[in-house]
Amino acid sequence: MDETSAKRPAGYEDVCRRIAAAEEAADRPAGSVTLVAVSKTHEADAILPVIEAGQRVFGENKVQESQAKWPALKERFPDIELHLIGPLQSNKAGDAVALFDVIESVDREKIARELAKEMKKQGRAPRLYVQVNTGEEPQKAGIAPQEAAAFVARCRDEYGLSIEGLMCIPPADENPGPHFALLAKIAKEAGLEKLSMGMSGDFETAIAFGATSVRVGSAIFGARDYG
Ligand SMILES: *Cc1c(COP(=O)(O)O)cnc(C)c1O
C-alpha cells in the first residue's frame with residue numbers, strides 16, 4: 001500500500017481538483033487561483049496532513065487562536081503564508097502585523113492607521129486587502145461599496161499603505177454572483193488586481209467571476225465544531 005497517497009486528505013484533493021476544473025471552465029490559466037485553506041477552529045494535527053500534502057497558504061479569522069497554533073507550524077514550514085481573514089481589533093494590530101503575511105480584513109480608517117504605525121515600528125509589511133461589504137449588511141464588517149475606491153486611495157495617500165486587492169463575503173442567503181461581479185468592478189475601477197472571494201459553497205462561481213484567491217475551509221477540513 002502506498003502510504004503517502006493514503007494519507008493525502010480527500011477533501012483537500014477534491015478542492016484542488018475542483019479549482020483546476022473551474023479555472024479551465026473559465027478559460028483561465030492553470031494555477032491562476034490561489035487556494036487559501038481556512039483552518040480556523042482546527043488544531044495542528046488536522047492541519048498537518050494538508051501542509052504535508054503541499055498546501056502552503058492558510059487563513060485564520062482570529063488573531064489569538066492563530067498565535068496559539070501557527071508560530072510552531074511556521075517554524076517547521078517557513079514557506080507557509082498566513083492570511084488573516086477575520087475582523088481585526090485595533091488593539092490586536094501589532095500582533096497581526098507580527099504573525100500574518102497577508103491581512104485581508106482592512107475595513108476602517110482606524111485599522112489602517114494602526115497597521116501603518118505597527119508596520120513602521122516592526123519593519124514588517126504584510127500584504128493588505130480591503131474588505132468590502134458588498135451586501136451592505138449592517139452586522140457585517142467591510143467598507144461600503146461606494147466608499148471603497150476612496151478608502152483605498154486614503155490608505156495609500158494618508159497612511160502609505162499599498163493595498164493589493166479586495167475581499168468580500170456575500171450575504172449568506174443570496175446568489176453570490178452579483179456580489180462577486182460588484183467586487184471585481186470596484187477593484188478594476190480602483191486599479192487593483194487581486195480578488196479574494198469564494199468559500200466552500202461558491203468558490204467555483206467566484207472563479208468564474210475572476211477570483212484570484214478563494215478561501216475554503218469546511219470543504220477541506222470538514223464541518224467546524226464550535227462547541
Ligand atoms: C470561515 C471563513 C471562510 C471559509 O468558510 P467555509 O464555508 O468553511 O469554506 C472563508 N472566509 C471567511 C472570511 C471565513 O471566516
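As the structure lists them, so they are numbered: ligands from 1, and atoms in each ligand from 1. Quick note: residue numbers are just sequence positions, from 1.
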#### Entry: Sub-4.5 Å side-chain heavy-atom contact between Glu23 and Pro29
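Not in contact.
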### Query
Do Glu109 and Arg113 have side chains that get closer than 4.5 Å, going by heavy atoms?
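Result yes, sub-4.5 Å side-chain heavy-atom pair found.
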Just by distance, with hydrogens left out, do [X] and [Y] show a side-chain donor and acceptor under 3.5 Å apart?
X: Glu174; Y: His179; answer: yes
X: Glu193; Y: Thr212; answer: no
X: Arg215; Y: Ser196; answer: yes

Do me a favour and list the nearest non-hydrogen protein atom to [atom] with residue, atom name and distance?
atom: atom 12 (C) of ligand 1; answer: Ile85 CD1, 3.4 Å
atom: atom 10 (C) of ligand 1; answer: Met199 SD, 3.4 Å
atom: atom 3 (C) of ligand 1; answer: Lys40 NZ, 3.8 Å

Can you list the ligand 1 atoms lying under 4.0 Å from a non-hydrogen atom of [X]?
X: Ile169; result: 13 (C)
X: Ser200; result: 6 (P), 7 (O), 8 (O), 9 (O)
X: Arg215; result: 4 (C), 9 (O), 10 (C), 11 (N), 12 (C), 13 (C)
X: Gly217; result: 4 (C), 6 (P), 8 (O), 9 (O)
X: Val216; result: 9 (O)

### Query
With no hydrogens and no angle check, is any side-chain donor or acceptor of Arg127 less than 3.5 Å from a backbone partner on Ile103?
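Checked: no pair found.
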### Task
Identify which of Met167, Arg224, Glu60 has a heavy atom lying nearest to atom 8 (O) of ligand 1.
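Selected option, by shortest heavy-atom distance: Arg224.
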### Query
Centroid-to-centroid, Trp70 to Phe100, below 6.0 Å?
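No: the rings miss the under 6.0 Å criterion.
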